[in-house]
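Have a look at the structure below before the remarks.
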Amino acid sequence: MADIAVIDYGMGNLRSVQQALRTVAPEASIVVTDDPHEVAMAARVVFPGQGAMPDCMRELDARGLRVAVLQAARSKPFLGICIGLQMLFDHSAEGDVAGLGILPGEVVRFAHDLRDDQGNKLKVPHMGWNQVHQGVDPQPPMGGAETVAPSPAGGGGLGRGSVAAHPLWQGIDQDARFYFVHSFYVQPKDAALVQATTCYPQPFVCAVARDNVFAVQFHPEKSQSAGLTLLKNFVNWNPV
Amino acid sequence: MLAKRIIPCLDVTAGRVVKGVSFVELRDAGDPVEIARRYDEQGADELTFLDITASSDDRGILFRIIEQVAEQVFIPLTVGGGVRRVEDVRNLLNAGADKVSINTSAVVNPQLVADAAARYGSQCIVVAIDAKQVAPGQWQVFTHGGRKATGLDAVAWAKKMQDLGAGEILLTSMDRDGQKNGFDLALTRAVTDELEIPLIASGGVGNLQHLVDGVKLGGADAVLAASIFHFGEYTVQQAKQFMAQQGIEVRL
């Protein structure tokens, strides 16, 4: 029985995820697996994804992994990454495909012809290092002056009316930069799911959480020290 | 907001990093794993490795380099050189590359770009274009390390690669490569304005103002440089601080 199972449904490169987990949890047994039984047996589960969501859904089902993912998302520490975040929702505009329906909401594309405040074209995919604003309240669009006071001891910024910072942000600075590459993003129906937002140029949701599930649009495995900290927090996370 | 990316480029041959002038006259710059680690510490946003000989003997060496770097460096790694088949893409991804750059083979077989993007996702397919000015406001695509003219217009070609599924374009001016007199800004601007996907400008960086110009005047989403970092003129950190002072959003 593995400490961590990384779900492999043939979409994209999982070596980076495995390597980063190995670095933050050298003692843990980590399997990269397409075996539903191994997923079911693992203590915690990482659900990555790259490429197009319709392909990801198809390949997941082709390997008979849907039930294992649904069960893991109900029962144990579960980290979704990139398409692994998007697939948790009801539906995606990418290929007009149904998701797993674990979380309520839609996956939509960035608008065409996006511009920044100086009129420069913003490319899609949204690719590179952008700021992750922890908490429910978005940072001001266009990356203007910070209006939310940074919390003491770095990280864990509190949005207005939000509950305490999620343990996965521990030790990560407010507005730290993470590496993104995506053209679609999630629009949760329930604002209470939102754990962080990023501006491009308008705020979009880049992290969500509910109970034992945490999922991010960015790639912690490619986000240097901030990303490794988040993965370490996940490995040590014991949601009640 | 999204930061402009600074990408050091490591041209690798026979297990060493080298740098040439206009694609010839190679000079040794050191051990790739050591250099990669140094740039990561200095805050590089990504690293690009180009296997500039791509002989079969060197291929094994390159894989070991990528594996070692991927174990220690947690930023995106792009690897290119000698990518001819979808299997080559898979092998590089399995070795630890996050993106694979396709250059000559995209011209020889454009379907490779479509197939690789369909299989692994556009996010990991970079098309590298080596362009040379042939008339005012006109640039042609060259292949085989800049030795072979294709007759293709660089702007139209970049657009076609985007349509086939490339996630990003790495655009190198052959006229400027290794010359240290700055990017070909007109070329960069002409291509980036036609694209919806990000453009990495390459070829000609000799000082930090050139990086600023590439973003501000050329409209590049990312800037790639080799010599100024390899031979200790500037650190990546210095480059980013300078760009930040000039009002460019960077990851510091």
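We name chains A, B, ... by the order of the sequence lines, and we start the count at 1 in each one.
With a 4.5 angstrom heavy-atom cutoff, B/D221 touches chain A only via side-chain atoms. Interface remark: A/H182 contributes no atoms to any contact with chain B (heavy atom separation under 4.5 Å). Contact annotation for A/S223: only backbone heavy atoms (N, CA, C, O) come within less than 4.5 Å of a heavy atom of chain B. Proximity to chain B is absent for every atom of A/A52, based on heavy atoms less than 4.5 angstrom apart. Proximity to chain A (any heavy atom under 4.5 Å) is shown, for B/R251, by both the backbone and the side chain. Within the 4.5 angstrom heavy-atom criterion, no atom of B/K216 approaches chain A. Only the backbone of B/D193 comes within contact range of chain A, with heavy atoms under 4.5 Å apart. Both the backbone and the side chain of A/Q19 come within less than 4.5 Å of a heavy atom of chain B. There is no contact between A/L114 and chain B, counting heavy-atom distances below 4.5 Å. The part of B/A95 that comes within reach of chain A is its backbone (N, CA, C, O), which places non-hydrogen atoms under 4.5 angstrom from that chain. In this structure, the portion of B/A97 lying under 4.5 Å from any heavy atom of chain A is its backbone and not its side chain.
Side-chain rings of A/F218 and A/F180 approach one another, their centers coming within less than 6.0 Å. Aromatic pair A/F234/A/F78: ring centres not closer than 6.0 Å. Taking the six-membered ring wherever Trp is involved, the centroid distance between the rings of A/H166 and A/F214 falls below 6.0 Å. Note: A/Y185 and A/F110 meet the aromatic proximity criterion, with ring centroids under 6.0 Å apart.
Interface summary for chain A: among B/A3, B/P76, B/G121, the most heavy-atom pairs under 4.5 angstrom belong to B/P76. The residue among B/K4, B/R90, B/K99 with the most heavy atom pairs within less than 4.5 Å of chain A is B/K99.
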Practice item. For the pair B/R119 and B/D115, evaluate salt bridge (Lys or Arg N to Asp or Glu O under 4.0 Å) and give the outcome as yes or no after the intermediate values. Key: CA-CA 6 Å; B/R119 181 67 192 85; B/D115 291 347; over 6 Å; no
Practice item. Start with the C-alpha gap between B/E168 and B/R5, add the side-chain angles, then the distance that decides, and say whether salt bridge (Lys or Arg N to Asp or Glu O under 4.0 Å) holds. Key: CA-CA 13 Å; B/E168 195 172 25; B/R5 288 170 283 154; 2.7 Å; yes
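In this structure, a donor-acceptor pair under 3.5 Å is present between the side chains of A/H91 and A/D96. In summary, the side chains of B/N91 and B/E87 do not present any donor paired with an acceptor at a separation below 3.5 Å, with no hydrogens or angles considered.
B/M1 is listed as a side-chain neighbour of A/Y200, based on a closest heavy-atom distance under 4.5 Å.
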